[in-house]
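Proteins get letters first, then strands, A, B, ... in listed order; numbering begins at 1 in each.
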Number of protein chains: 2
Amino acid sequence: MVVFCRGREGPRVFRTLCGWAAMALFLSTYTNKVDKKGRVSVPASFRAALAEQLVQGIVVFCSHQHDCLEGFDWAKMDEIGDRLDHYDLFSDDQDDLATTVFGESVQLFFDGEGRVVLPADLMEAAGIGESATFVGLGRKFQIWSPDRFEERKNRARAAVRDKGLTVPKGGEGRS
Amino acid sequence: MVVFCRGREGPRVFRTLCGWAAMALFLSTYTNKVDKKGRVSVPASFRAALAEQLVQGIVVFCSHQHDCLEGFDWAKMDEIGDRLDHYDLFSDDQDDLATTVFGESVQLFFDGEGRVVLPADLMEAAGIGESATFVGLGRKFQIWSPDRFEERKNRARAAVRDKGLTVPKGGEGRS
DNA sequence: TGGATATTTATGGGATAGCATGGGTTTATT
DNA sequence: AATAAACCCATGCTATCCCATAAATATCCA
């Protein structure tokens, strides 16, 4: 990974800085290998979506709904920090939320090649072994064991079809 | 913004200068050993979050809701002072809070290796023995006995689920 | 347009620096 | 002088950096 902001940058770099950066959406799914050291390449398009936040890496924690990891960018995390800050400093709710949201998440930095190291405990929790599947979900993404994701995908697809789910208009549909 | 990832100092320096230092967020949990002298390494990422603080150290006091220690940086301590100011100046509540928060808090400085010495009475109050667990909670952090934190974590998780707690104001903390 | 050349991506492995940890020695404190 | 606190040095371990490769894309130029 190289982020050059000077010199004669080609169309690609430009697109990275302007085109994709504006969108900043995590799309499609990619399956990459996890080496002995626990390193995985974050899909290049995901990295592009992070654009200016590349240096801060990504924030990851264990999902409470699925057997997978949830990931998003640092800005999101910072925003959550601000919001929690508006609670009473020592309220129970604030504490409970902060403990689960912050206490259990990890900031992962990119190495020179655009990889991150998945902590062993998180890998285990998500059942990730030889390879990991990155699933783009717009503003966030998930990291799955390839097998488990296959099941998940089928179930999700079935649910959409059966219930006739659609994308809600405007605002934030549900939390 | 110029983002340079190459060169002698490498990403680490940049990360320290821009990434962490700019937005001090305490993340994840780390368990470190306490030696005979009462010294513990403060997690490196926590130290990085404090980086720009003039006073190189942390402020710690005994939590009055949990069996743990609460830790802050100096800036946060200032802010607590401000918040307490909004109480009636001579109210009992103000007095009580100020007494516990300020009267019982200790400032701990780092040694050359990034450790602090936990005062014996605080360790005892929090039930900390051989090792201590640092829990990042965004703008503040806590220090626990590893065992007790394990329970606490589960309880917090349950509370979030049962009460349906979410990050206030549209932030979809996780889901 | 098509083939040669350069980039980018994903991957692997060795070298190195940083972190957590332990122990000793000097410097305050009273 | 006695005790504790701060400082300095030494150590594994592991995370991080750096270099190298192959495959896939993109770019260039005749």
Side-chain angles (χ1 to χ4, degrees), chain A residues 1-4 7-17 19-20 28-50 54-58 60 106-123 129-134 143 146, chain B residues 4-16 19-20 28-51 55-57 106-123 129-134 143 146:
Chain A
M1 170 202 65
V2 181
V3 181
F4 272 168
R8 24 179 260 92
E9 55 261 1
R12 145 134 319 220
V13 172
F14 181 80
R15 189 188 312 154
T16 300
L17 292 178
W20 292 347
S28 33
T29 78
Y30 307 83
T31 297
N32 290 338
K33 290 200 173 171
V34 182
D35 67 20
K36 301 151 202 161
K37 300 180 182 178
R39 296 179 299 188
V40 223
S41 281
V42 175
S45 74
F46 283 27
R47 265 142 49 201
L50 291 169
L54 259 188
V55 259
Q56 274 106 345
I58 57 177
V60 168
V106 193
Q107 187 175 16
L108 305 180
F109 296 97
F110 294 110
D111 68 6
E113 283 72 41
R115 292 172 289 194
V116 295
V117 179
L118 293 180
D121 54 334
L122 289 185
M123 281 184 59
E130 300 272 290
S131 41
T133 299
F134 288 77
I143 310 176
Chain B
F4 239 90
C5 294
R6 303 247 173 238
R8 218 30 299 201
E9 304 86 41
R12 163 145 311 251
V13 171
F14 180 84
R15 193 186 300 161
T16 301
W20 291 347
S28 323
T29 79
Y30 307 83
T31 298
N32 290 337
K33 291 201 172 169
V34 183
D35 66 20
K36 301 151 202 162
K37 301 180 183 178
R39 296 179 299 187
V40 222
S41 281
V42 175
S45 75
F46 283 27
R47 264 144 48 201
L50 295 165
V55 191
Q56 277 297 304
V106 190
Q107 186 170 9
L108 306 179
F109 296 96
F110 296 120
D111 68 6
E113 283 71 43
R115 290 173 290 195
V116 295
V117 179
L118 292 180
D121 54 334
L122 289 185
M123 280 184 60
E130 300 272 289
S131 38
T133 299
F134 288 77
I143 310 176

TODO: Figure out the OH/C1' separation between B/Tyr30 and D/dT14, and round it to whole Å.
DONE: 14 Å
TODO: Return the value, rounded to whole Å, for the distance between atom CE of A/Met123 and atom C1' of D/dA15.
DONE: 16 Å
- [ ] Rounded to the nearest angstrom, tell me the gap between atom CD in A/Gln107 and atom P in D/dA15.
- [x] 16 Å
Open item on the list: Categorize A/Val40 for me: base, sugar-phosphate, or nothing, with a 4.0 angstrom heavy-atom threshold over every strand shown.
Closed with: nothing
- [ ] Round to a whole Å and report the spacing from CZ of B/Phe46 to P of C/dA20.
- [x] 11 Å
Task: Touch class at under 4.0 angstrom, heavy-atom based, for B/Val34 against every strand present - done: nothing
Task: Which residue lies more 5' along DNA chain C, comparing A/Asn32 with B/Arg47 via nearest heavy atoms - done: A/Asn32
Open item on the list: A/Tyr30 vs A/Val42, test: side-chain contact (heavy atoms from CB on, under 4.5 Å). Steps then yes/no.
Closed with: CA-CA 9 Å; A/Tyr30 307 83; A/Val42 175; over 6 Å; no
Task: side-chain hydrogen bond (donor to acceptor under 3.5 Å, both in side chains), paired with A/Thr133, selected from A/Thr29, A/Thr31, A/Asn32 - done: A/Thr31
Task: A/Phe110 CZ to A/Ser41 OG distance, which is reported to the nearest 0.5 Å - done: 10.0 Å
Open item on the list: As an exercise, state the distance from CD of B/Glu113 to CZ of B/Arg47, rounded to the nearest 0.5 Å.
Closed with: 9.0 Å
- [ ] Specify the closest pair of heavy atoms between B/Ile143 and B/Ala132, including all atoms of both residues, with the distance to one decimal.
- [x] CG2-CB, 3.8 Å
TODO: Round to the nearest Å and state the distance from A/Leu108 atom CG to D/dT16 atom C1'.
DONE: 13 Å
Atom pairs under 3.5 Å: protein N/O with N/O of nucleotides 3-7 of chain D:
from	atom 1	to	atom 2	distance (Å)
D/dC7	N4	B/Arg39	NH1	3.4

Open item on the list: Can you tell me which nucleotide in C/dA20, C/dG22, C/dG12 comes closest to the side chain of A/Asp35?
Closed with: C/dG12
Open item on the list: In the structure I gave you, are the side-chain heavy atoms of A/Phe134 and A/Val40 within less than 4.5 Å of one another anywhere?
Closed with: yes
Task: Rounded distance in Å - NZ (A/Lys36) to P (D/dT16) - done: 19 Å
